[in-house]
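This is a predicted model, so every value here is computed, not measured. First listed ligand is number 1; within each ligand, the first listed atom is number 1.
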Amino acid sequence: MKGWMKNIRQVTPYTPGEQPKRPGIIKLNTNENPYPPSPKVDKALKEMDVSMLRRYPDPTCQILNDALAHEYHLRPEQVFTGVGSDDVLAMCFMTFFDGEQPVLFPDITYNFYEVWAEVLRIPYRKVPLDEHFCIQSRDYAVPNGGVIFANPNAPTGQILDLGTIREILDANRDSIVIVDEAYIDFGGESALRFLDEYENLVVIQTFSKSRSLAGMRIGAAFASPELIRYLTDVKYSINSYTLNTAALIAGAASARDRKYFQETVGKIVRTRERVSARLRSLGFIFADSSANFLFVTHPEIPAVKLFEALKEEGIYVRYFRQPRIDNYLRITIGTDEEMDALIRFLEGMILL
Ligand SMILES: *Cc1c(COP(=O)(O)O)cnc(C)c1O
């Protein structure tokens with residue numbers, strides 16, 4: 001063994017969905033938005049003065065934070081932004097989960113939570129979802145070093161009602177509770193309305209899904225000014241210049257265009273409902289989704305077989321080789337045309 005091996009940090013990384021390069025494929029595997037970002041983003045970027053790029057970006061991210069504060073009726077001091085919500089979540093883990101008790105999150109959820117806990121050496125415990133893949137609030141009413149869950153959950157797409165979230169917040173007055181709302185715009189009610197009531201609440205959102213800006217890498221945390229200050233202190237201790245100038249401009253333009261945002265989200269929700277009915281008529285079984293994807297299983301055909309056959313056809317969906325969910329597929333909602341191609345192929349497989 002090489003001598004320096006003892007000093008190397010070795011980790012098991014998060015496995016993102018494939019980003020295949022081959023042309024003509026239908027990509028329904030990473031929950032990207034099938035529609036382009038707002039035309040206001042296009043305009044703002046075209047009008048951007050490129051000579052600004054010789055300067056460092058604004059470390060306070062003011063135009064973006066102000067735009068978000070305005071859109072969500074918050075104060076700018078309640079907003080923190082970062083390079084995708086993955087960056088914001090990593091900062092939150094570092095800042096808020098520094099205790100000795102285990103941080104709690106569901107056994108089936110966004111796999112990055114476990115990766116960060118491991119990499120940051122944060123003790124954690126995975127709390128099993130019930131047999132319907134639901135979170136039970138009483139499971140979180142135990143001593144802990146923090147709580148995090150996605151709502152709607154990923155990859156299940158299931159939404160937790162605000163009453164249950166309130167129960168979790170009430171049972172955890174002495175812990176920070178993070179609600180990852182990456183998909184909240186596609187269904188369900190945001191926990192943002194609880195911010196004034198619970199000083200231990202952090203709500204995280206992203207521009208990658210409902211705002212069609214996955215390639216720009218923009219995410220946000222909303223919390224009390226006190227928590228946002230702790231978060232900002234950690235950020236300034238690592239890298240003050242996180243979001244670049246173009247991302248700040250694009251993000252602010254997107255946050256201001258509520259009309260386009262609502263239109264595209266509405267289209268995706270309508271497609272989701274139509275596709276849900278079609279897949280159920282083909283025998284697929286799944287809970288109603290509040291996200292921009294469906295999490296489905298079929299009683300006769302193993303998920304892995306469907307996954308391989310779809311991939312062969314050039315239709316990429318997500319399959320998790322993981323306990324409890326290894327007979328499920330997560331299918332992102334694309335355009336109507338993309339979903340029709342998916343359904344036609346599945347009909348061919350199932351009805352023959
Ligand atoms: C996609 C996703 C994120 C991360 O999104 P970013 O692209 O990093 O903003 C965070 N949480 C969940 C549950 C997600 O599905």
Side-chain angles (χ1 to χ4, degrees), residues 13-19 27-34 37 41 61 64 68 79-94 103 105-117 119 126 129 133 135 147-160 165 177-188 190-191 202-222 231 235 242-244 247-248 250-251 254-255 261 265 268 272 289-295 317-320 322 325 328-334:
Y14 172 75
T15 325
E18 276 180 87
Q19 297 290 355
K27 198 172 169 303
L28 308 175
N29 68 336
T30 55
N31 296 343
E32 289 147 332
N33 196 309
V41 171
C61 303
L64 177 58
L68 283 169
V79 183
F80 174 92
T81 43
V83 185
S85 56
D86 287 340
D87 175 48
V88 175
L89 281 158
M91 296 278 174
C92 285
F93 270 59
M94 269 187 260
V103 168
F105 48 83
D107 61 338
I108 299 163
T109 191
Y110 191 41
N111 286 325
F112 235 133
Y113 305 153
E114 184 171 11
V115 173
W116 282 308
V119 104
K126 293 198 258 184
L129 296 177
F133 292 154
I135 288 177
V147 171
I148 178 162
F149 56 90
N151 195 46
N153 197 11
T156 67
Q158 293 194 46
I159 189 84
L160 208 57
I165 293 180
V177 176
I178 301 179
V179 185
D180 178 354
E181 294 190 335
Y183 302 102
I184 195 69
D185 300 320
F186 301 104
S190 171
V202 180
V203 176
I204 293 187
Q205 295 188 0
T206 175
F207 283 56
S208 297
K209 279 79 184 225
S210 54
R211 294 188 181 274
S212 310
L213 282 169
M216 257 308 171
R217 313 302 302 124
I218 306 171
F222 306 98
L231 206 47
K235 165 186 144 155
T242 49
L243 282 159
N244 65 61
L248 292 171
S254 168
F261 164 77
V265 165
I268 291 167
R272 179 186 74 203
S289 167
S290 299
N292 67 337
F293 56 83
L294 299 171
F295 193 58
V317 300
R318 192 81 193 263
Y319 173 70
F320 298 91
Q322 191 178 310
I325 58 170
Y328 284 80
L329 295 178
R330 193 195 68 190
I331 305 171
T332 304
I333 303 299

Check your understanding: Sequence neighbours excluded, which residues qualify as side chain to side chain donor-acceptor pair (under 3.5 Å) partners of Ser290?
Key -> none
**Study point:** Contacts of Phe293 that satisfy ring pair (Phe, Tyr, Trp, His ring centres under 6.0 Å) - sequence neighbours left out
**Key:** Tyr183
**Study point:** Salt bridge Arg217-Asp86, side-chain N to carboxylate O under 4.0 Å
**Key:** yes
Practice item. Just jot down the side chain to side chain donor-acceptor pair (under 3.5 Å) partners of Asn111, sequence neighbours excluded, or say none. Key: Gln322
Exercise for review: Check whether the ring centres of Phe133 and Tyr328 lie less than 6.0 Å apart, and answer yes or no.
Suggested key: yes
Between ligand 1 and the protein, find all N/O pairs closer than 3.5 Å and give the distance for each.
{"residue": "ligand 1", "atom": "5 (O)", "partner": "Ser85", "partner atom": "OG", "Å": "3.1"}
{"residue": "ligand 1", "atom": "7 (O)", "partner": "Ser208", "partner atom": "OG", "Å": "2.6"}
{"residue": "ligand 1", "atom": "7 (O)", "partner": "Arg217", "partner atom": "NH1", "Å": "2.7"}
{"residue": "ligand 1", "atom": "7 (O)", "partner": "Arg217", "partner atom": "NH2", "Å": "3.4"}
{"residue": "ligand 1", "atom": "8 (O)", "partner": "Ser85", "partner atom": "N", "Å": "3.2"}
{"residue": "ligand 1", "atom": "8 (O)", "partner": "Asp86", "partner atom": "N", "Å": "2.9"}
{"residue": "ligand 1", "atom": "8 (O)", "partner": "Asp86", "partner atom": "OD1", "Å": "3.4"}
{"residue": "ligand 1", "atom": "8 (O)", "partner": "Asp86", "partner atom": "OD2", "Å": "3.1"}
{"residue": "ligand 1", "atom": "8 (O)", "partner": "Arg217", "partner atom": "NH2", "Å": "2.8"}
{"residue": "ligand 1", "atom": "9 (O)", "partner": "Ser85", "partner atom": "N", "Å": "2.6"}
{"residue": "ligand 1", "atom": "9 (O)", "partner": "Ser85", "partner atom": "OG", "Å": "2.9"}
{"residue": "ligand 1", "atom": "9 (O)", "partner": "Thr206", "partner atom": "OG1", "Å": "2.5"}
{"residue": "ligand 1", "atom": "9 (O)", "partner": "Ser208", "partner atom": "OG", "Å": "3.3"}
{"residue": "ligand 1", "atom": "11 (N)", "partner": "Asp180", "partner atom": "OD1", "Å": "3.4"}
{"residue": "ligand 1", "atom": "11 (N)", "partner": "Asp180", "partner atom": "OD2", "Å": "2.6"}
{"residue": "ligand 1", "atom": "15 (O)", "partner": "Tyr183", "partner atom": "OH", "Å": "2.5"}
{"residue": "ligand 1", "atom": "15 (O)", "partner": "Lys209", "partner atom": "NZ", "Å": "3.0"}

Check your understanding: Does one side chain, of Thr206 or Lys209, offer a donor that lies under 3.5 Å from an acceptor on the other?
Key -> no
